[in-house]
Amino acid sequence: MSTYTLSRGIQRGKAAYRQGHKPGENPWSVSRMVALLILAFLAATWLVPFAWAVLTSLKSEADAAASTVSLSPADGFSFDAYRKVLSAGDIPLWAWNSLFTSVLITFVTVATSALAGYAFSRISFRGRRGLYAAIIAAIIIPPQLLIVPLFRQMLAFDLVDTYWGIILPQAFAPAMVLILKRFFDQIPVELEDAARVDGANRLRVFWSIVLPLSRPILAAVAIFVFIGAWNNFLWPFIVTTDADLMTLPVGLQTVKSAYGLQYAQNMASAILAALPLVLVFLFFQRQIIKGIATTGFGGQ
């Protein structure tokens with residue numbers, strides 16, 4: 001094989017990789033088109049409820065509650081529902097509380113999960129199997145069963161109506177420990193052995209070698225934890241009674257009209273609560289997809 005032919009083959013391979021298909025694969029094959037159509041249908045299925053919520057939030061209460069369904073309301077679109085929701089509550093403060101608690105929960109959860117996952121992956125210690133079984137059991141137990149004992153603990157430590165009362169019970173995620181352990185298992189042990197030979201201790205190996213190689217999965221785990229913490233309604237609702245400490249999902253539930261169910265305002269509240277998560281996904285969608293593929297959730 002000549003050098004020119006080899007170079008051309010490499011260039012074609014790189015071009016095919018950039019285009020998202022293998023060398024020699026037909027990008028317009030029937031199976032590929034069918035798969036794209038199925039994915040487009042599933043995407044539309046997920047987007048229709050969101051689009052419907054946006055349209056309802058832009059209607060008047062009379063048009064939103066009308067028995068006749070219409071995409072274009074008779075009174076036209078307006079932002080009255082958003083204005084009423086924003087004027088009825090302290091949205092900026094609640095949004096800050098959600099951001100503050102979600103960021104701290106994410107940081108603590110990622111740090112503890114990474115340390116625990118690395119320990120289960122690389123270190124043999126007494127009681128390892130029993131502790132690992134306990135973590136698996138913690139995934140099986142519904143979190144609703146832990147609400148009463150957790151609340152009693154928060155009362156005992158005088159953490160009710162505090163930020164730490166919201167953060168600490170959510171700062172442990174057994175599922176993330178298993179995900180990170182599985183990823184750490186795939187890192188070649190030879191890399192760590194070489195560093196140990198050069199005099200690095202285990203903590204230095206973890207910080208300088210394992211964590212840099214784990215950036216995609218750490219980013220994905222952080223995003224999943226952040227979304228879960230931001231959307232969590234039940235625990236912040238139980239542990240806080242002070243309006244100044246309420247998170248956004250809890251605070252928006254207090255913005256209720258005394259004249260019955262207000263569909264447009266409810267949809268506006270839902271859109272306001274979901275908007276930050278939509279922005280997070282738009283900015284970090286590559287990390288989310290890469291993390292799902294890395295952990296095996298994508299069928300690999």
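Atom set for the values below is all heavy atoms of this structure, side chains included, hydrogens, waters and symmetry mates excluded.
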Item to check | Worked verdict on Y118 versus R202 for side-chain contact (heavy atoms from CB on, under 4.5 Å) | outcome: CA-CA 10 Å; Y118 180 74; R202 191 175 293 277; 3.8 Å; yes

Checklist entry - Under the side-chain contact (heavy atoms from CB on, under 4.5 Å) criterion, do T101 and W230 qualify, and how do the steps go? => result CA-CA 8 Å; T101 56; W230 183 279; over 6 Å; no

Next on the checklist: Please determine whether side-chain hydrogen bond (donor to acceptor under 3.5 Å, both in side chains) holds for the pair N97 and T247, giving the CA-CA distance in whole Å, both sets of side-chain angles, and the decisive distance to 0.1 Å.
Outcome noted: CA-CA 5 Å; N97 292 337; T247 59; over 6 Å; no

Item to check | Step-by-step side-chain contact (heavy atoms from CB on, under 4.5 Å) determination, V210 to R122 | outcome: CA-CA 11 Å; V210 177; R122 291 291 192 265; over 6 Å; no

Next on the checklist: Before you tell me yes or no, could you show the steps for L178 and F120 under side-chain contact (heavy atoms from CB on, under 4.5 Å), namely the whole-Å CA-CA distance, both residues' side-chain angles and the distance that decides it to 0.1 Å?
Outcome noted: CA-CA 9 Å; L178 298 184; F120 283 118; over 6 Å; no

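Criterion: ILVMFWY side-chain heavy atoms under 4.5 Å apart, direct or through other members. Under it, V205 and I187 are part of a common hydrophobic cluster. Each of L131 and I179 belongs to its own hydrophobic cluster when Ile, Leu, Val, Met, Phe, Trp and Tyr are linked at side-chain heavy-atom distances under 4.5 angstrom. Under the 4.5 Å side-chain heavy-atom criterion for ILVMFWY residues, a single connected hydrophobic cluster contains both L213 and I217. Linking Ile, Leu, Val, Met, Phe, Trp and Tyr whenever their side-chain heavy atoms come within less than 4.5 Å leaves F172 and L115 in two separate clusters. Residues L234 and M154 fall within the same hydrophobic cluster, defined by Ile, Leu, Val, Met, Phe, Trp and Tyr side chains chained together at heavy-atom separations under 4.5 Å.
At least one side-chain heavy atom of T162 sits less than 4.5 Å from a side-chain heavy atom of L159. For the pair I91/L252, a side-chain contact is recorded, criterion being any heavy-atom separation below 4.5 Å from C-beta on. For the pair F151 and V160, the minimum side-chain heavy-atom distance is below 4.5 Å. By the 4.5 Å heavy-atom criterion applied to side chains, N201 and R204 are counted as neighbours. Using a 4.5 Å cut-off on side-chain heavy atoms (C-beta onward), I271 and Y82 make contact. Side-chain contact between I136 and Y132 is present, with at least one heavy-atom pair separated by less than 4.5 Å. Between N232 and F237, the closest side-chain pair of non-hydrogen atoms is not below 4.5 Å. V221 has its side chain within reach of L180: a pair of non-hydrogen atoms, C-beta onward, lies under 4.5 Å apart.
The heavy-atom pair separating Q170 from P236 by the smallest distance is NE2-CG, 4.2 Å. Annotation for W207 and P212: closest pair O-CD, 3.3 Å, computed over non-hydrogen atoms. Minimum interatomic distance between S57 and A268 (heavy atoms only, all atoms of both residues): CB-N, 3.6 Å. Heavy-atom minimum distance, W235 versus I147: CZ3-O, 3.9 Å.
By the 6.0 Å contact criterion, CZ on F107 is open, its count of non-hydrogen atoms from other residues, nucleotides or ligands being 12 or less. Counting non-hydrogen atoms of other residues, nucleotides and ligands closer than 6.0 Å to CZ of F157 gives a total of 12 or fewer. Within 6.0 Å of CG in D242 there are more than 12 heavy atoms belonging to other residues, nucleotides or ligands. Annotation for F41: atom CZ does not count as buried by contact number, only 12 or fewer foreign heavy atoms lying within 6.0 Å. More than 12 heavy atoms of other residues, nucleotides or ligands sit less than 6.0 Å from atom CZ of R128.
D161 and T241 form a side-chain donor-acceptor contact under 3.5 Å, judged by distance and modelled atom types alone.
Between the OG atom in S214 and the CD atom in Q186 there is a gap of 10.0 Å [rounded to 0.5 Å]. Once rounded to the nearest 0.5 Å, the distance linking OG of S78 with CZ of R83 reads 6.5 Å. Atom CD1 in I38 sits 12.0 Å away from atom CE in M33 (nearest 0.5 Å). For the atom pair L275 CG and L248 CG, the distance stands at 10.0 Å (nearest 0.5 Å). Atoms CD1 and CZ, from I123 and F206 in turn, are 9.5 Å apart once rounded to the nearest 0.5 Å. Atom-to-atom distance recorded for T106:OG1 and I167:CD1 is 10.0 Å, nearest 0.5 angstrom.
Judged by distance alone, the side chain of S102 and the main-chain N or O of L99 form no donor-acceptor pair under 3.5 Å. With hydrogens and angles disregarded, no donor-acceptor distance shorter than 3.5 Å links the side chain of W94 to the backbone of D244. Looking at T112, its side chain does come within 3.5 Å of a backbone N or O of V108 through a donor-acceptor pair.
Using cut-offs of 30° and 60° on the angle between ring planes, the pair F100 and Y163 is perpendicular.
Every residue two or more places apart in sequence or in another chain was checked for a ring pair (Phe, Tyr, Trp, His ring centres under 6.0 Å) with F50, and none qualifies.
Salt-bridge annotation for K84 and D80: absent, with no side-chain N of the basic residue lying under 4.0 Å from a carboxylate O of the acidic one.
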